[in-house]
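To find a chain, count down the sequence lines: A is the first, B the second, and so on, and within it residues start at 1. Reckoned from all heavy atoms, side chains included, excluding hydrogens, waters and symmetry mates.
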Amino acid sequence: MKMIFDLDMEKCVACGACAVACMDQNDIWPNQGQTPFRHVGIVNPLPAQEGGALTVLSLGCMHCDNAPCIQACPVGCLFKDEMNLTVYDNTRCIGCHSCAMACPYGAPTYREDGRMYKCDGCAQRQKNGMVPACVRVCPTGALTCQSEESYLENKRAASIRKILQNNR
Amino acid sequence: MSGGFETLEEEFEQEKTPAGYEDRIGARDYPVWAALVHQMQALSMPDQICTGKPYPIRGMMALGLNHRIFPDSDRFREALGKLDFFVDFDLFLTDTAKMADVVLPACSSFEREEIKTYPGGFTKYYTPVIEPLYDSRNDARILQDLAKRMKFDDELLCGGYRRCIEHIFQHTGYDIGELEASPLPVKAKGLQPYRPLAYLEQGCKTPSGKLELYSEIIAVNGKEKGLEPLPKWYEPFTRPSKEWPFLLLAGVRIPNAIHTQLHKASWPRALRPDAMADISLADAKRMGIVLGDEICLYNQFGSITVKANPTGLVEEGQVYMYHGYAEADVSKLLSLQDTDPYSGFPAYKSASCNIRKVKGNAQ
Ligand code: SF4
Ligand code: SF4
Ligand code: SF4
């Protein structure tokens, strides 16, 4: 079943709980120079949109279709699993950073051992019937990981709601 | 009263006063505060330690004290250094704890019990999730053991947390054992539903019993200090001027740090690893400052160098700088003299400063 990560930007409040849950789940120690897999931020409007609204977001690997990182890796560390998550086996990683250069979201990180580490969509948790750690902890329900089917259905429902609201 | 029902919490705090008890620290500097609050006003402590007036202070036992949140933190630090004996409890070995003769490691709230009341008449008895790790201990337990060892004439304190809770809640109808066993908050028994303005029937807790605009308490206690019983507008202590054009807000908070408590915890710290000052987009543009640039905040009291974070959350002409960074202590830019004469509270949000760009960020 194909799983899709989604962030409802109207609900996210940039509390950072998802980023902390991810560090906990993956034993990431930023004080030892390790880079977290998920980042939360408040983004200023672009200079062209002066006075525009702020955007809050939580950003991790997007588990892209046709993921450019997979194609970029010369030794085939990255691949898709049966849930369409972009997972990896870094035993052959040569630390060339090609995946990071290909990734539009800055998802791959590197550690002292020179190897690449990234969000694997909490594939192990999901295989065992649990939701990803970041999704589980999100207090506002902004961050979700759903099957493609339910994702599309929710999206349709949201569009219909919007149309109805606008026509009131 | 926080849950909407009466406990003996306030009475409990006043149950025992030390023998030979003199004026509380700060009571003479802030008589209105002293008339309303049964605590010392810690802002007066550095001066009292350094001058010995109105009486000398030689020792201190502090729970989670952080000198960096006090204005003119260097003065506070200097005062701590003058004590003959200083004991500090903390979760972390903070810069304040490092000055102590004895540091007692307190456990986190996950490792201890705690009772809390909530609006709407609810009470929850939180039980520990794990036993305290390493040598750390529940701070209430440390206090109890110290009281016992020092043979304090204080049956409640020597009896420990549970004994104190039973005492404080004795007239509430709660069974503490039942509370402890309940995984959810428990509603207080026999609670009367809220009636608007009911408190006016018994009168307000003011000398006149009325809702006072002219405060009797200030009139009586603040007379010597020339405090006004009627509301009065005071100018900010250091109004932004040509020399110090920015309003400095040092009383702002990073939610994930819980004031300054979790600055040293690596996961929440990772969300905002550097000491950064938030400035407005307009000021940043005017001064040619971008995210990550090194900037210096300075005024007549001191200066600190931090990274800049231009953000749409801050108004033009303001700087938000957060407390508690050892490497960029904003309290150095605040004066211990600039306090509210009524409450003694520091002017965290009415100081001013200037900004200078030090170095562009390397990227
Ligand atoms: S690492 Fe980057 S490119 Fe690869 S799937 Fe994740 S977001 Fe897409
Ligand atoms: S899915 Fe798992 S690894 Fe990926 S960001 Fe969420 S918690 Fe981290
Ligand atoms: S936990 Fe949810 S609300 Fe909080 S930052 Fe993450 S996505 Fe946003």
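- For A/Asp120, there are no salt bridge (Lys or Arg N to Asp or Glu O under 4.0 Å) partners at least two apart in sequence or on another chain.
- The 12-atom threshold is not exceeded at CG of A/Asn66, counting heavy atoms of other residues, nucleotides or ligands nearer than 6.0 Å.
- Contact between A/Cys15 and B/Leu271 at its shortest, heavy atoms only, is O-CD1, 4.5 Å.
- The neighbour count for A/Tyr105 OH, taken as heavy atoms of other residues, nucleotides or ligands under 6.0 Å away, does not exceed 12.
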What donor-acceptor contacts under 3.5 Å connect chain A and chain B, backbone and side chains included?
| unit_1 | atom_1 | unit_2 | atom_2 | d |
| --- | --- | --- | --- | --- |
| A/Cys15 | O | B/Asn256 | ND2 | 2.8 |
| A/Ile28 | O | B/Trp267 | NE1 | 2.8 |
| A/Asn44 | OD1 | B/Gly312 | N | 2.8 |
| A/Asn44 | ND2 | B/Pro310 | O | 2.7 |
| A/Glu50 | OE1 | B/Lys285 | NZ | 3.2 |

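- Remark: A/Met1 CE is loosely packed, at most 12 non-hydrogen atoms of other residues, nucleotides or ligands lying under 6.0 Å away.
- Between B/Leu281 and A/Pro45, the closest heavy-atom pair is CD1-CD, 4.3 Å.
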